[in-house]
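All values reported here derive from a predicted model rather than from experimental measurement.
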Amino acid sequence: MSPRGARARRANGKKYATWLAAGVVVLGGTAVTAVAASAGGEGAGPGDGTRSAKAHALALDGKDPKRRALPRTGTPTFSLVGVSWEDSGDTFEGTAQIRTRDAATGEWSEWHDLDFDIRAPESTEGEEPEVRGASEPLWVGPSDGVEARVVADGEETAVPEALRLDMIDPGETVKGKGNGKDNGGTQGGGKGDAEPPTSGAPTGPAPGAVPAQEPTGPAATTIPTAPTAPAVVSRAGWGADESLVQDPPSYLNEVDAVFVHHTAGTNDYTCADSPAVIRAILTYHVRTNGWNDVGYNFFVDKCGTVFEGRAGGVDRPVLGAHTYGFNSYSSGVSLLGDYENGGTPTAAARQAIADLAAWKLGLHGVDPEAEVALTAAADTGVWKKGQVATLNTISGHRDGYATLCPGATLYSALPGIRTTAGASPYAIGN
């Protein structure tokens, strides 16, 4: 979230309690738009024992142009939620909160803030007509009821047009049900119930992925290679629905930097939940944002497991959608969890990020402890378009874009992550 957004939430806290005190409770039939996130049959996954992810949408109605609300409403089960609007060019200047009803216990959660860090990519992907503006998604776990409240920020602004609540059911896979118990704890060692990670540098996307286009120009030249890659759970391993991805990946000339993010939301997920969280984010980025694929190149969970993100080959310079203004130079890795509101990255997660960044940068002969000069491709709130930014080769999202991501505690851990990356056996020259 932007610093301005954080201040607005604190300033409007009492206002929420006033205008929503008389909210109507509806716990039954409601108009819900459901979109199956699969090319297959309704509710059916790509194989026996699976269930495809689904996206549900509810309009946020109201006559006041500066306020929208959704009273307590029963819905199909979902585990991830966000707010979106019609025109990605409209910046959301305001505050939004949601709370959800636990599908197992029936208990309602506290109110949760939604963050508005997402910007459509500065590449042609962000110019497609179906691209929407959206909040960051919030993982809430299996839920069957939701309430939302949204307020514009200031007298001169209004909430965007066609504002809606987007809810994602991540579906199930044979091995990773998405709601299983954590079999590895939160301090490292446990890898959840996803397909075992693969080691060694992969030669391309997982089976079933959209075929990659061969890079041309500098990307096709021979580059220095680091030692064998860290273990990475493939897209097939976490159950990616490849039918969501319509266009082949695009490639950079090289990777000059790695930007570290957090997914925000909650730290209460188990490591067995990690595949479901990632499936939900993929579905949100495609079905809600209108992007071609999940934005991040990699994910890491609190047990230190690394997951392949955007398709195209983990050992190749795939263009992602993660750091507005700097996507064309970098790879993005996102740590599952919230590291702005009390969460602390585990030692296993810090080590995994360091090893992954060292390897990814090493493929292009880049020192993970160095600095690099990159030209901003757009106005980011930190840098103006065309301005040359001097950044660490392992930077936080906030170094490039006006946001609190990757959160205070993860950002403060980056100096140590850079040092660890420099000493990593995956770094070039080690």
Side-chain angles (χ1 to χ4, degrees), residues 26-60 70 73-85 98 100-104 114 118 130-132 134-148 162-180 194 208-209 235-236 238-246 263 265-266 269 272-295 299 309 311 336:
V26 180
L27 296 177
T30 183
V32 180
T33 301
V35 180
S38 172
E42 179 71 18
D48 292 339
T50 69
R51 180 168 55 82
S52 295
K54 289 184 179 180
H56 311 292
L58 282 168
L60 288 167
L70 179 74
T73 303
T75 77
T77 304
F78 65 96
S79 293
L80 181 140
V81 63
V83 166
S84 70
W85 55 95
I98 62 98
T100 55
R101 183 177 60 190
D102 188 288
L114 293 179
I118 293 184
E130 67 271 17
V131 171
R132 295 174 60 85
S135 72
E136 293 280 7
L138 178 73
W139 177 262
V140 294
S143 305
D144 61 4
V146 65
E147 185 176 359
L163 198 67
R164 75 186 192 196
L165 196 67
D166 292 90
M167 297 159 289
I168 306 298
D169 170 8
E172 295 180 347
T173 63
V174 173
K175 291 186 178 181
K177 295 296 185 183
N179 303 320
R235 287 170 64 93
W238 53 262
D241 182 354
E242 300 298 356
S243 71
L244 289 172
V245 183
Q246 300 300 309
T263 59
T266 180
Y269 71 93
D273 288 333
S274 299
V277 176
I278 298 169
R279 289 197 303 274
I281 294 174
L282 165 64
T283 306
Y284 187 88
H285 281 183
V286 175
R287 290 298 190 194
T288 298
N289 294 21
W291 299 352
N292 185 54
D293 197 349
V294 68
F299 293 90
L336 302 186

Original post:
Taking only residues two or more places apart in sequence, or in another chain, which ones meet Ser143 in a side chain to side chain contact (heavy atoms under 4.5 Å, CB included)?
Top reply: Phe78, Thr100, Val140
**OP:** Please list, chain by chain and in numerical order, all residues satisfying side chain to side chain contact (heavy atoms under 4.5 Å, CB included) with Val131, sequence neighbours excluded.
**Re:** Ser88, Ala120, Glu128, Trp291
Got a second to check how far [X]'s [atom1] is from [Y]'s [atom2], nearest 0.5 Å?
X      : Y      : atom1 : atom2 : result
Ser79  : Asp144 : OG    : CG    : 10.5 Å
Glu172 : Arg279 : CD    : CZ    : 8.0 Å
Thr283 : Ile278 : OG1   : CD1   : 12.0 Å
Leu80  : Thr266 : CG    : OG1   : 11.5 Å
Ile281 : Glu136 : CD1   : CD    : 8.5 Å
Thr73  : Arg101 : OG1   : CZ    : 9.5 Å

**OP:** Apply side-chain contact (heavy atoms from CB on, under 4.5 Å) to Trp238 and Leu282, showing your working.
**Re:** CA-CA 11 Å; Trp238 53 262; Leu282 165 64; 3.8 Å; yes
Original post:
Using a distance-only test with no angle check, is there a side-chain donor-acceptor pair under 3.5 angstrom linking Asp169 and Thr77?
Top reply: no
What's the shortest heavy-atom distance between [X] and [Y], and which atoms?
X      : Y      : answer
Ala134 : Tyr284 : CB-OH, 3.8 Å
Ala148 : Leu60  : CB-CD2, 3.9 Å
Val81  : Leu114 : O-CD2, 4.3 Å
Ile118 : Pro137 : CD1-CD, 4.2 Å
Leu336 : Thr263 : CA-OG1, 3.4 Å
Met167 : Val146 : SD-CG1, 3.9 Å

Original post:
Does the distance from a Lys or Arg side-chain N to an Asp or Glu carboxylate O, for Asp241 and Arg235, drop under 4.0 Å?
Top reply: no
Original post:
Step by step, would you call Gln246 with Asn292 a side-chain contact (heavy atoms from CB on, under 4.5 Å)?
Top reply: CA-CA 6 Å; Gln246 300 300 309; Asn292 185 54; 4.1 Å; yes
**OP:** Applying ring-ring contact (aromatic ring centres under 6.0 Å, His included), name anything that partners Phe299, two or more places apart in sequence or on another chain.
**Re:** Tyr296
Subject >> Side chain proximity check, Val286 to Val245, heavy atoms < 4.5 angstrom >> reply: no
